[in-house]
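No experiment lies behind these values; they were computed from the predicted model shown. We name chains A, B, ... by the order of the sequence lines, and we start the count at 1 in each one.
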Amino acid sequence: MTQILKYHSHINKQPMRLPKKYDYDTVERKWLDAWDESMYYFDHASGKEQYIIDTPPPYPTGDFHIGNALNWCYIDFLARYKRMRGYEVMFPQGWDCHGLPTEVKVEEIHGISRHQLSKHEFRALCEELTARNIEQMRAMMKRLGISIDWSHEYITMDDSYMRYTQLSFLKMYKAGLIYQAEHPVNWCPRCETAIAFAEVEYEDRDSYLNYILFRRVDNGSYVEIATTRPELLASCVAVAVHPDDDRYKDMIGSELEVPLFGQRVRVYQDDAVDPEFGTGVVMICTFGDRQDVRWWKQHDLPLRVSIDERGRMTSIAGKYAGLDTLECRKRILSDLSDSDLLMRQESIRQNVGVCWRCKTPIEIISTRQWFVRVNKEEILKAAKEINWYPHHFRLRLENWVQSMDWDWCISRQRIFSVPIPVWYCKRCGAVKLAEESQLPVDPVVKSPDTPCSNCGGTEFEPEHDVLDTWMDSSLTALWTAGWHFDTCEAEFQFPVALRPQGHDIIRTWAFYSILRSLALTRTIPWHNILINGMVLGEDGYKMSKSRHNTVSPDEVIQKYGADVFRQWAAIGGATGSDVQFRWKDIIAASKFMQKLWSILRFSMIHLADYEPPAKEPELEVVDRWLLSQLNRLVITVTEAMDGYQFDEAMKSIRSFAWYVLADDYIELAKSRLYGRSPSARYALYQTLKTLSLMLAPFIPFFAEEMYSYLSEGGSVHMAKWPQPGKIDTDAEAEGELIAAIVRAVRRYKSERGIPLNAALKRIVILSDTDMSTGDIANATATTVELKNNDAGTYEGTVIDVKELRIIIEE
RNA sequence: GGGCUCGUGGUCUAGCAGGUGAUGACGCCGCCUUCACGAGGCGGAGAUCAUGCGUUCGAAUCGCAUCGAGCCCA
């Protein structure tokens with residue numbers, strides 16, 4: 001085994017007084033330097049049960065923000081806990097490199113447009129920026145003490161991963177799960193690319209509802225139709241009314257003439273028409289929105305494309321051709337008005353679909369794109385086989401799946417992404433797939449090795465489109481488990497144990513991962529999914545630069561240390577709910593660090609030279625009380641960890657250490673510790689050591705420091721999780737009674753302004769059963785006498801403590 | 001318009017397979033420089049668990065309605 005620690009604990013074993021103040025910076029740096037990261041390496045040959053984590057591969061922006069940090073803390077709590085529980089844990093780290101934001105950033109940094117360079121050169125600049133950003137984020141993860149297995153790192157822009165992505169494309173294409181089709185897609189006219197549903201956001205915008213007259217062909221009367229998008233008149237292919245709307249019953253089946261453009265369109269009846277909206281008559285265009293696409297399919301309507309890929313009017317728009325949509329809208333409204341066909345305008349607040357990246361309103365445009373088939377039933381069934389924590393987030397996935405109107409569009413008209421490994425035969429037009437041995441391949445740069453299998457042609461046109469970046473990241477579970485597409489076998493345990501992620505990407509990463517796992521392996525990707533909440537600013541709103549409420553984990557670590565940040569992450573709120581960031585909680589966490597340090601400092605006065613005996617010595621009741629409480633704590637914390645309740649675990653530990661150990665036990669046992677009582681020393685030693693083990697997942701630096709004083713060597717992070725010993729209910733009852741009597745005496749003194757260390761005349765406890773009074777006497781600095789319940793009368797104040805009566809004489 | 005989550009002392013928060021003196025933190029008040037700890041110790045005040053109705057012997061916890069907040073989506 002490699003030497004895990006550079007510092008050996010015997011250095012710390014010398015009798016010593018620790019400094020009064022906990023110096024987190026020195027301690028954390030010491031252990032960062034001492035730890036050998038190979039102790040976190042996954043060993044598939046260990047024979048232990050595997051616990052594989054499908055860690056999120058963050059987008060390398062260079063900023064490991066507080067939301068990431070919260071997520072990684074959760075993962076690390078589990079990874080460290082599971083290792084201590086005897087699992088072989090794999091905690092890999094990936095980087096999801098491709099995508100538009102990096103392209104935009106590169107254009108910004110270098111002051112260029114992507115069209116000014118060759119694709120190859122532009123891609124190189126993107127790779128360079130990404131590598132730099134990864135380095136920054138990696139450093140932050142290490143500083144936070146995250147126990148990542150860096151021998152299992154993957155970078156989606158590397159050849160090996162690109163090959164994996166392209167291979168998965170070929171497999172799914174050959175299985176008929178990927179196809180190319182002319183179909184309406186969400187389109188960003190500014191980015192000039194197709195985007196998936198998941199990339200469409202919705203924003204409220206102010207607009208106008210325009211009431212326009214259409215002429216009935218049969219009787220020449222006019223019908224008023226309200227629309228927010230008059231520029232789409234040229235694309236109008238039908239009109240619809242609700243079947244029960246009495247106003248329009250006679251119109252169904254007749255034809256209307258579209259104003260300005262003159263095409264004749266039929267009136268359909270459809271339940272989806274809202275009679276309350278506008279005039280209750282709706283024009284169907286190809287395409288104004290998703291509902292238009294549904295109607296277009298249902299009623300088998302023709303296609304009239306009036307907006308092109310750059311958001312400009314096509315030749316169908318006649319004299320408006322070449323205008324952008326907004327200019328066109330103005331001109332059409334003005335022309336309608338001139339012809340007395342525009343009745344009125346109402347202002348309206350509407351929800352507009354916009355591009356997630358540039359906030360430009362999207363268009364729905366019919367183009368030739370690549371799609372992945374979405375099998376809704378299969379995904380819904382798989383979602384039920386996975387354990388969701390918290391449970392209700394499964395509903396979010398289910399609702400999302402049910403709302404999808406068409407398949408997943410995976411082609412993008414961009415540069416920094418994985419190329420689609422396909423050419424087209426110039427002679428017959430057939431699709432030519434890349435050979436597996438060629439991968440990764442950019443078809444724009446390379447040609448096929450073999451002629452067209454259809455016609456024997458040797459000239460090919462490359463596919464210029466690239467893949468949606470979710471095509472990379474939806475494979476992370478398979479990649480991590482070492483899934484082989486050819487043998488359909490994984491090197492490691494698959495499905496993997498855990499997917500941790502935020503709820504903001506359930507409809508993307510979780511959804512696509514399940515979809516692809518089912519398509520490629522016929523099984524779910526993971527058994528458990530743990531959802532973390534978002535971090536809100538101190539003002540209670542989502543952190544955002546425009547609100548100026550952001551806090552970086554770096555800032556917290558510099559001021560208070562990584563352990564404090566991690567403690568905040570554990571205790572900030574129930575796992576899965578959004579967590580509000582508050583500096584007060586950070587300060588509370590740092591106070592606990594100081595309290596723990598004071599406990600350790602006091603203990604080392606008594607334990608620095610302690611050699612734990614092979615066998616448990618005879619224990620006094622207060623010591624048995626402490627150990628029994630400790631055993632309860634082990635049970636509570638273990639259960640909480642198994643249920644991902646980090647807040648519960650950490651709070652239990654904190655409250656035990658502070659109130660049971662420091663406030664009650666140490667006060668009671670202090671004088672026996674000064675007297676080197678074997679019983680008290682044993683109890684204190686066992687308690688501290690067990691605490692250091694249970695603190696290890698949460699505050700790994702402090703726990704290591706603490707453990708180094710108490711053990712013969714080795715890292716706390718390689719140690720075993722504690723097993724609970726027996727619960728001694730008798731000792732608990734008596735110990736609790738003793739603590740309560742001491743509290744009552746303290747209250748008595750406090751109320752009368754008597755210093756707490758002042759001696760009273762005596763304390764009489766009326767009890768028919770025997771009990772230990774030595775620690776009470778020591779903790780109250782007063783003589784304690786035990787008398788029978790009926791043993792006469794006393795001068796003094798009578799106080800009831802639980803079922804007992806005590807008399808305090810001054 | 002639909003779905004989900006939530007509404008607990010001044011602030012934040014736990015509990016929500018029904019029975020607790022309703023958790024803890026911060027803040028507040030009083031006392032204490034007690035020999036581990038003054039970024040501390042000891043003691044204390046402070047909540048009709050959003051509102052209304054219902055189920056139940058019993059509700060913060062279950063159901064319905066209302067009001068309010070946040071998130072996701074159409």
Scan side-chain atoms only and decide if [X] and [Y] contain a donor-acceptor pair under the 3.5 Å cut-off.
X        : Y        : answer
A:His503 : A:Asp578 : yes
A:Ser628 : A:Glu732 : yes
A:Trp295 : A:Asp270 : yes

* Asked: Can you check whether A:Leu380 reaches A:Gln402 side chain to side chain, under 4.5 Å on heavy atoms?
  ->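 Of all side-chain heavy-atom pairs linking A:Gln402 with A:Leu380, at least one is under 4.5 Å.
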I need the [atom1]-[atom2] distance between [X] and [N], as an integer number of Å.
X        : N      : atom1 : atom2 : value
A:Arg743 : B:rC42 : CZ    : P     : 10 Å
A:Met650 : B:rA25 : CE    : P     : 13 Å
A:Phe511 : B:rC72 : CZ    : P     : 18 Å
A:His391 : B:rC6  : NE2   : P     : 14 Å
A:Met404 : B:rC72 : CE    : P     : 18 Å
A:Gln567 : B:rA25 : CD    : P     : 13 Å
A:Gln645 : B:rG24 : CD    : P     : 18 Å
A:Arg654 : B:rU23 : CZ    : C1'   : 13 Å

In whole Å, measure the gap between the [atom1] atoms of [N] and [M] for me.
N      : M      : atom1 : answer
B:rU55 : B:rG44 : C1'   : 40 Å
B:rA45 : B:rC29 : P     : 16 Å
B:rA17 : B:rC12 : P     : 24 Å
B:rG54 : B:rU61 : C1'   : 15 Å
B:rC6  : B:rC16 : C1'   : 12 Å
B:rG70 : B:rC57 : C1'   : 38 Å
B:rU5  : B:rA59 : P     : 24 Å
B:rA25 : B:rG63 : P     : 32 Å

* To do: Examine A:Lys20 relative to A:Trp597 and say whether NZ or CZ is less than 6.0 Å from the centre of the six-membered ring and inside a 45° cone about the ring axis.
  =>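 Cation-pi check for A:Lys20 and A:Trp597: fails.
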* Aromatic A:Trp509 / basic A:Arg499 pairing, under 6.0 angstrom, 45° off normal ->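 Verdict for A:Trp509: a cation-pi partner in A:Arg499.
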Identity of whatever pairs with [N] - Watson-Crick or G-U, under 3.5 angstrom:
N      : result
B:rU55 : none
B:rG7  : B:rC67
B:rG18 : none
B:rG1  : B:rC73
B:rC42 : B:rG30

* To do: Let me have a per-nucleotide readout for nucleotides 29-40 of chain B, 5' to 3', with B, S or -, counting only protein heavy atoms under 4.0 Å.
  => -B---B-BBSBS
* To do: Taking the six-membered ring for Trp and the single ring otherwise, decide whether the centroids of A:Phe646 and A:Tyr74 are under 6.0 Å apart.
  =>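 Judged by ring-centre distance (under 6.0 Å), A:Phe646 and A:Tyr74 do meet the cut-off.
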* Hey, do the aromatic rings of A:His606 and A:Tyr674 have their centres closer than 6.0 Å? ->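 A:His606 vs A:Tyr674: aromatic centres under 6.0 Å.
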* Looking at A:Trp470 and A:Trp408, what are the two nearest heavy atoms and their distance? ->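 Shortest heavy-atom contact: CB-CZ2, 3.8 Å.
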* To do: Using the closest heavy atom to pick a nucleotide of RNA chain B for each, name whichever of A:Tyr659 or A:Leu395 lands nearer the 5' end.
  =>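 Residue closer to the 5' terminus by nearest nucleotide: A:Leu395.
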Under 3.5 Å, which N/O atoms of the protein pair with N/O atoms of nucleotides 8-14 of chain B?
| from | atom 1 | to | atom 2 | distance (Å) |
| --- | --- | --- | --- | --- |
| B:rA14 | OP1 | A:Ala574 | N | 3.4 |

* **Donor-acceptor contact present, side-chain A:Ser692 to main-chain A:Met706, <3.5 Å** =>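 No: the side chain of A:Ser692 does not pair with the backbone of A:Met706.
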* Asked: Under 30°, 30 to 60°, or over 60°: which ring-plane class applies to A:Trp583 and A:Phe581, parallel, tilted or perpendicular?
  ->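 Geometry flag for A:Phe581 against A:Trp583: perpendicular rings.
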